[in-house]
There are 2 protein chains.
Amino acid sequence: MVRAVPDTHGEILAAAARQFTVTGYRGTSLQDIAREVGCSKATVLYHFANKEALLAELMAPAIEVLRSLDEQLTGLTGAAAQEVAAQGFVDLAVRFRQEIAVLRGEFPELLCQPAFAHIQEISDRLRDALAGHSDRPGARIAALVLLAGISEACGEFADITDDELRLALLTLVRRAVEPVDALPPQQPTTEDKDS
Amino acid sequence: MVRAVPDTHGEILAAAARQFTVTGYRGTSLQDIAREVGCSKATVLYHFANKEALLAELMAPAIEVLRSLDEQLTGLTGAAAQEVAAQGFVDLAVRFRQEIAVLRGEFPELLCQPAFAHIQEISDRLRDALAGHSDRPGARIAALVLLAGISEACGEFADITDDELRLALLTLVRRAVEPVDALPPQQPTTEDKDS
DNA sequence: CTTCCATCTGACCGATCGGTCAGGGTCTGA
DNA sequence: TCAGACCCTGACCGATCGGTCAGATGGAAG
C-alpha cells in the first residue's frame, strides 16, 4: 500500500460524514468516528478544534453553494426567480446529497450554531422564490413540501445517477409548483410588490 | 384553581411532545420534560417505564392510523391505490402534524425500536402505491419526495387550518404524482404485475 | 547528536445522561 | 386506628459524552 501521506484529516472528515448520515450528529460520538478511522479520540480532536468544527468543515462547500444561489436570486422575481430557484436547489441537493442528509434531522438545533447562521433566512428566500413570491397558502405549501421533500429524499437514491436524479427532480418541481402565471388576476401585478 | 385530577401522566405526555418537536428525541432529556411539567425526573419515570415508552405512547395513535391505512391499501393497485394512498397519507400527516414532527429527525435510529417495527415496510408500501406501483425512477422519486416533504412540512404550518392544509396538499399530490394512466405502453398491463 | 515540530496517544476531567431505590406524604376503606 | 394503594421525591448509580493535557514518537534541519 503506497501511502506516503496518511491524510488523517481527510479520513476523519469522510468517516464523520458517513456516520452522521446514519446515526445523526448527536447520535455519533467522537469515539465512533475515531474507531472507524482507526485512531484515538484525541487524534480527532487534534485535527479539529471540537465536534462542532468538524461538522462546520464538512458542510462548508454545500453552504457556499447555497450562499451563491441566494445571491443569484436577489433582484429576480416571478417566473425567472422560480426557475433559478428550482434549478439551483435541485442541483445543490443532488450534488450534496450526503451533506444534506447530515443536516436533515438536526436542522432546528444546529441552526443555532454560528457556522450555520443565516441559513434559515436563505432557505426562506429560496422558498419564497419557488412559490413565485406569492403568499397564497397553496403556493407556500407546495414550495415548502418540495424543498423539504427533495432534501429528505435525495440521500435515499444512491442507485440513481446524478443526471438522472436531477432531471427527475426538476420535472417534478416544474409539474408540482404553482405557476406564477396562473395567478388569478385579483391583483394587476403591474410591478413587483415588495416588502 | 379547580383541579381535582392533576393528570400528571397527560401533562408529561404533552410536555414531551412539545419538547421533542423542538429539540428532538435525543436532544430532550427527562430532566427537561420534568422541568416543564414542574415535577421531578423520578416522577416522569414513575409514570413511564423509560424514555422509549414515553415516545411509544406518544406515537401510538398516529401509528394505529398508519396501520389501518396500510390495510386499506392491500389488494388495491394502480390509480385506485394511488388515490387512497394520497388521501390517506395527507389526512394522516395533517391530523398528526406534531407526532410526525417528533419522529422527523430521529427516523433512521428510532425505527430500530420495537415500538416502531414494520413502520419502514408500511411506508415503503405507501410509497409504492403513490408511485402507481411503477419502478420508473421518475415515479419513485416523485412519490418519495412527496411523502418526505409532506411529513417535513406539515409541522411548519401552524397558522393554516386542517381543512385548508389538507386541500392544498391533496391538490399538490395530484398535480405532482406521475399518473399511472400516462405510462408509456411498453408493457400491455393486461393484469397487475406482481412480485 | 541535538533541536524542533508535527502527529498521535492514554489517562483523565467535569458534566450530563437514563434509570434505580428507599422512603415520605396523602387518601381511602375496613 | 391502621393497612395499603397511589403518587411523588431526593439521593444516588454506572455509563458515556465532549474535551484537556502531559508526554511518547519520529522525521527533518542545524
Side-chain angles (χ1 to χ4, degrees), chain A residues 1-59 102-103 105-106 109-110 112-116, chain B residues 1-59 102-103 105-106 109-110 112-116:
Chain A
M1 199 184 286
V2 192
R3 199 175 167 189
V5 181
D7 188 27
T8 313
H9 191 92
E11 285 181 26
I12 292 171
L13 218 48
R18 259 172 275 134
Q19 298 255 14
F20 284 163
T21 56
V22 177
T23 339
Y25 176 71
R26 283 198 116 98
T28 302
S29 69
L30 297 176
Q31 196 69 258
D32 293 333
I33 298 169
R35 196 180 301 119
E36 182 169 329
V37 174
C39 68
S40 71
K41 189 181 69 171
T43 299
V44 174
L45 287 163
Y46 167 76
H47 285 278
F48 299 90
N50 46 39
K51 197 183 179 186
E52 184 181 329
L54 212 178
L55 177 69
E57 188 166 326
L58 201 61
M59 304 300 301
V102 170
L103 223 52
E106 262 87 12
E109 321 162 50
L110 293 183
C112 307
Q113 295 187 193
F116 302 114
Chain B
M1 200 185 284
V2 193
R3 199 174 167 191
V5 181
D7 188 28
T8 313
H9 191 92
E11 284 182 26
I12 292 172
L13 218 49
R18 257 172 277 134
Q19 298 255 13
F20 285 163
T21 57
V22 176
T23 340
Y25 177 73
R26 283 198 117 98
T28 303
S29 69
L30 296 177
Q31 196 71 256
D32 294 332
I33 299 170
R35 195 180 303 118
E36 182 169 330
V37 174
C39 67
S40 72
K41 190 181 69 170
T43 300
V44 174
L45 287 162
Y46 167 77
H47 285 278
F48 299 90
N50 47 40
K51 197 182 178 185
E52 183 183 329
L54 212 178
L55 178 69
E57 188 167 324
L58 203 60
M59 305 299 302
V102 170
L103 223 52
E106 261 86 14
E109 322 162 49
L110 292 183
C112 306
Q113 295 188 194
F116 303 113

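Chain A is the first sequence line, chain B the second, and so forth, proteins listed ahead of strands; every chain is numbered from 1. Given the structure is predicted, the values throughout are model-derived calculations rather than measurements.
- Using modelled atom types and a 3.5 Å distance limit, the side chains of A/Glu57 and A/His9 yield a donor-acceptor pair.
- Rounded to whole angstrom, the span from the CZ atom of A/Phe48 across to the P atom of D/dT20 amounts to 15 Å.
- If you measure from atom CG of B/Asp7 to atom C1' of D/dC7, you get 13 Å, rounded to the nearest angstrom.
- Rounded to whole Å, the distance from CD on A/Gln19 to C1' on D/dC17 is 15 Å.
- For B/Tyr46, a side-chain nitrogen or oxygen approaches OP1 or OP2 of D/dC7 to under 4.0 Å.
- Residue B/Arg35 contributes atom CZ, which lies 14 Å from atom P of D/dT9 at whole-angstrom precision.
- Separating the NE2 atom of B/His9 from the C1' atom of D/dC8 is a distance of 15 Å, rounded to the nearest angstrom.
- A side-chain contact (heavy atoms from CB on, under 4.5 Å) with A/Leu30 holds for exactly one of A/Ile12, A/Val44, A/Asn50; it is A/Val44.
- The CG atom of A/Leu30 sits 16 Å away from the P atom of C/dC8 (whole-angstrom rounding).
- Summarising the geometry of B/Thr8 relative to B/Thr43, their closest heavy-atom pair is CG2-CG2, 4.2 Å, with the distance given to 0.1 Å.
- The CG atom of B/Leu54 sits 12.0 Å away from the CE atom of B/Met59 when rounded to the nearest 0.5 Å.
- Within the 4.0 angstrom heavy-atom criterion, base atoms lie near B/Thr43.
- Judged by distance alone, with hydrogens and angles left aside, B/Lys51 brings no side-chain donor or acceptor close enough to the base of C/dG19 to form a pair under 3.5 Å.
- Taking 4.0 angstrom as the limit, A/His47 places a side-chain polar atom (N or O) nearer than this to OP1 or OP2 of C/dC8.
- Between A/Glu52 and A/Tyr25, the closest side-chain pair of non-hydrogen atoms falls below 4.5 Å.
- Comparing A/Asp32 and A/Ala42 along DNA chain D, the residue whose closest nucleotide (by nearest heavy atom) sits nearer the 5' end is A/Asp32.
- Contact annotation: A/Ser29 does not reach the phosphate of D/dT16 (side-chain N/O to OP1 or OP2, under 4.0 Å).
- OP1 or OP2 of D/dC7 has not a single side-chain nitrogen or oxygen of B/Thr8 nearer than 4.0 Å.
- Rounded to whole Å, the distance from NZ on A/Lys41 to P on C/dA11 is 13 Å.
- Between the CD atom of A/Gln31 and the P atom of D/dC17 there is a distance of 7 Å, given to the nearest Å.
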